[in-house]
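Only one structure is covered here, and it is reproduced in the block below.
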Amino acid sequence: MSLHGRTALVTGSTSGIGLGVARALAEQGARVTLNGFGDPHQIEALVTELSTTHGVEVAYDGADLSRPEEVAAMVGRAEERFGTLDVLVNNAGIQHVAPLDEFPPERWDAIIALNLSAVFHGMRAAIPGMRRRGFGRIINIASAHGLVASAQKVAYVAAKHGVVGATKVAALETANDGITVNAICPGWVLTPLVERQLEDRARAAGTDVATESASLLSEKQPMLAFTTPEAIGALALYLCSDAARTVTGASLSIDGGWTAQ
Ligand code: NAD
């Protein structure tokens, strides 16, 4: 498939899943705006690498998406930069692990702001332009935790269930506008977000990251393998394809059987 002539904005794409998705879109010829935090030199190198490897324009927007006004402004800049915004991937997210009665309220607020509210603000800002142009693909990166719960992740699970709900509402409201809105629900993907959890577990248990990787997978996934950011990128490409034009309001699991249980 080709995305030549298409434009995309992928939030939280300086690492992990977002970078995998941005890479997949650029590989197919889309002009891409990256977003996320990180070392400015590394981000500059990433922009250059992606654009030279794939021969497409790549831009970077450093908006802090925990701030609603920055989300809307970023969407506006992305549309202005390339003239359209065809594909919006709401991916940026954070995690905090603690029992509910010890969960720091400021961590709850931060997770809800980024993992849930930024998705709302992004869709709210992007849909009018997509509707005017008669084409849009919105892909919200939810989680297996958008469908089922785990202990100690109250804010994350609440936010991701919210993303699945908001995805369905947006899909209903855009069903005849040439726009599809879907959620991707990954199980474990080996990214910095999960690496930090593995390091914390290894420290607490006095083990190592390899041991904790095996036990993390076996706790949740029948299939004892991590999903890769490249595989999430491939699923996102499918959702952008013409073949997927009637796939909307769906929550697509890519989770090694986690939610089949
Ligand atoms: P990651 O930590 O590798 O990447 C997160 C990205 O979000 C980074 O680019 C970071 O700079 C950016 N970010 C953080 N705070 C931000 C802010 N305030 N504004 C803008 N950008 C910000 O994490 P990941 O594992 O790639 O996670 C990406 C998404 O996938 C998240 O929504 C996460 O919940 C979801 N997810 C991850 C897994 C997994 O196993 N890794 C599983 C299911 C869902």
Side-chain angles (χ1 to χ4, degrees), residues 9-24 32-40 42-43 46-47 60-75 78 89-97 107 109-119 121-122 139-150 153 155-164 166-167 183-201 212-213 216-217 219-221 223 225-233 235-236 251-256 258-259:
L9 166 61
V10 185
T11 73
S13 46
T14 51
S15 92
I17 292 172
L19 180 53
V21 173
R23 206 178 273 289
V32 179
T33 300
L34 304 175
N35 156 263
F37 298 152
D39 174 71
Q42 282 179 8
I43 292 172
L46 184 62
V47 168
Y60 167 72
D61 192 308
D64 176 352
L65 306 187
S66 61
R67 305 164 77 94
E69 68 286 0
E70 290 203 29
V71 184
M74 174 192 63
V75 169
V89 183
N90 289 305
N91 163 81
I94 50 173
Q95 176 62 284
H96 186 81
V97 180
R107 289 283 82 206
D109 288 343
I111 290 173
I112 296 299
L114 181 62
N115 296 19
L116 177 57
S117 298
V119 176
H121 294 297
I139 301 170
N140 296 325
I141 305 299
S143 169
H145 284 122
L147 305 171
V148 296
S150 291
K153 295 188 175 176
Y156 189 88
V157 169
K160 295 298 188 181
H161 275 67
V163 168
V164 168
T167 299
I184 292 180
C185 297
W188 293 124
V189 186
L190 198 53
T191 67
L193 181 138
V194 169
E195 283 160 8
R196 283 189 291 273
Q197 290 178 60
L198 291 170
E199 284 156 15
D200 289 348
R201 284 168 62 118
E212 292 308 319
S213 296
L216 189 84
L217 286 169
E219 276 167 23
K220 297 290 180 188
Q221 288 192 190
M223 191 181 289
F226 286 102
T227 296
T228 61
E230 291 73 22
I232 310 280
L235 185 51
S251 305
L252 301 167
S253 290
I254 173 164
D255 67 1
W258 180 328
T259 54

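Just so it is clear, the structure is predicted and the values come from calculations on it, not from any experiment. Counting starts at 1 for both ligands and their atoms, following the listed order. Scope of the values below: all heavy atoms of this structure, side chains included, with no hydrogens, waters or symmetry mates.
- Looking only at heavy atoms of the protein, atom 23 (O) of ligand 1 is closest to Leu193 CB, 3.3 Å.
- For a threshold of 3.5 Å applied to N or O pairs, the pair formed by Gly12 and ligand 1 contains at least one separation below that value.
- Side chains of Val194 and Leu216 form a contact here, defined as non-hydrogen atoms less than 4.5 Å apart.
- Side-chain atoms of Val21 and Ile232, non-hydrogen and from C-beta on, do get closer than 4.5 Å to each other.
- At a 4.0 Å heavy-atom cut-off, ligand 1 touches Lys160 through the side chain alone.
- Below 30°, between 30° and 60°, or above 60°: for His145 and Trp258 the angle between ring planes is above 60°, a perpendicular geometry.
- Considering backbone and side-chain atoms together, Ala144 places no N or O closer than 3.5 Å to any N or O of ligand 1.
- Between Gly18 and ligand 1, a contact under 3.5 Å exists for no N or O pair.
- At under 3.5 Å, not a single nitrogen or oxygen of Ser143, backbone or side chain, sits near a nitrogen or oxygen of ligand 1.
- Proximity to Pro192 (heavy-atom distance under 4.0 Å) selects the following atoms of ligand 1: 3 (O).
- With respect to Val97, the side chain to side chain contact (heavy atoms under 4.5 Å, CB included) criterion is satisfied by exactly one of Lys153, Arg107, Arg196: Lys153.
- Of the possible polar contacts, one joining the Gln221 side chain to the Trp188 backbone as a donor-acceptor pair under 3.5 Å is found.
- With a 4.0 Å heavy-atom cut-off, ligand 1 is reached by no atom of Asn115.
- Formation of a donor-acceptor pair under 3.5 Å by the Thr259 side chain with backbone atoms of Ala144 is not found in this model.
- The single protein non-hydrogen atom nearest to atom 19 (N) of ligand 1 is Leu65 N, 3.0 Å, given as residue, atom name and distance.
- Remark: ligand 1 atoms within the under-4.0 Å shell around heavy atoms of Ser13 are 9 (O).
- For atom 14 (C) of ligand 1, the nearest non-hydrogen atom of the protein is Leu114 CD2, 4.0 Å.
- Considering Thr14, Val21, Thr191, Asp64 only, the shortest heavy-atom separation from atom 9 (O) of ligand 1 involves Thr14.
- With Leu34 as reference, Leu46 is the one residue of Leu46, Asp61, Val10 to meet the side chain to side chain contact (heavy atoms under 4.5 Å, CB included) rule.
- The proximity of Arg196 to ligand 1, defined as any non-hydrogen pair under 4.0 Å, is limited to the side chain.
- Protein heavy atom at the shortest distance from atom 11 (O) of ligand 1 is Phe37 N, 2.8 Å.
- With hydrogens and angles disregarded, a donor-acceptor distance shorter than 3.5 Å links the side chain of Ser13 to the backbone of Asn35.
- The shortest N or O to N or O distance between Pro186 and ligand 1 is not under 3.5 Å.
- Looking at atom 3 (O) of ligand 1, its nearest protein heavy atom turns out to be Ser15 OG, 2.6 Å.
- Near Asn35, meaning under 4.0 Å from any of its heavy atoms, are these atoms of ligand 1: 20 (C), 21 (N).
- Looking at ligand 1, you'll find an N or O of Tyr156 within less than 3.5 Å of one of its N or O atoms.
- Atom 42 (C) of ligand 1 has its nearest heavy-atom neighbour, among Ala63, Gly93, Gly187, Gly38, in Gly187.
- A donor-acceptor pair under 3.5 Å links the side-chain atoms of Lys160 to the main chain of Ile141, judged by distance alone.
- Judged by the shortest distance from any of its heavy atoms, Pro229 lies outside the 4.0 Å radius around the atoms of ligand 1.
- Residue Phe226 places no heavy atom under 4.0 Å from ligand 1.
- Rounding to the nearest 0.5 Å places CG of Leu9 at 5.5 Å from OG1 of Thr33.
- With sequence neighbours excluded, the residues that form a side chain to side chain contact (heavy atoms under 4.5 Å, CB included) with Ala149 are Val157.
- Checked by atom type and distance alone, the side chain of Glu69 never pairs as donor or acceptor with a backbone atom of Ala73 at under 3.5 Å.
- Ligand-side atoms of ligand 1 in range of Gly16: 3 (O), 26 (O), range being under 4.0 angstrom from any heavy atom.
- Within the 4.0 Å heavy-atom shell around ligand 1 one does not find Glu70.
- Checking side-chain atoms of Glu70 against main-chain N and O of Asp64 turns up a donor-acceptor pair under 3.5 Å.
- Listed by atom number, the atoms of ligand 1 under 4.0 Å from Ile17 heavy atoms are 26 (O), 30 (O), 36 (N), 37 (C), 38 (C).
- Using a 4.5 Å heavy-atom cutoff, the side chains of Val163 and Leu116 are in contact.
- Remark: ligand 1 and Ile94 share no N or O pair separated by less than 3.5 Å (distance only, no angle test).
- No part of Ala118 comes within 4.0 Å of ligand 1, judged by heavy-atom distances.
- For CZ of Arg67, the number of neighbouring non-hydrogen atoms (other residues, nucleotides, ligands) closer than 6.0 Å is 12 at most.
- Relative to atom 28 (C) of ligand 1, the option among Val194, Ile232, Asn91 with the closest non-hydrogen atom is Asn91.
- Atom numbering of ligand 1 starts at 1 in the shown order; those under 4.0 Å from a heavy atom of Gly36 are 11 (O), 21 (N).
- Listed for the Thr11 side chain is a donor-acceptor partner under 3.5 Å among the backbone atoms of Ala92.
- Contacts of Val189 with ligand 1, taken as heavy-atom pairs under 4.0 Å, involve both backbone and side chain.
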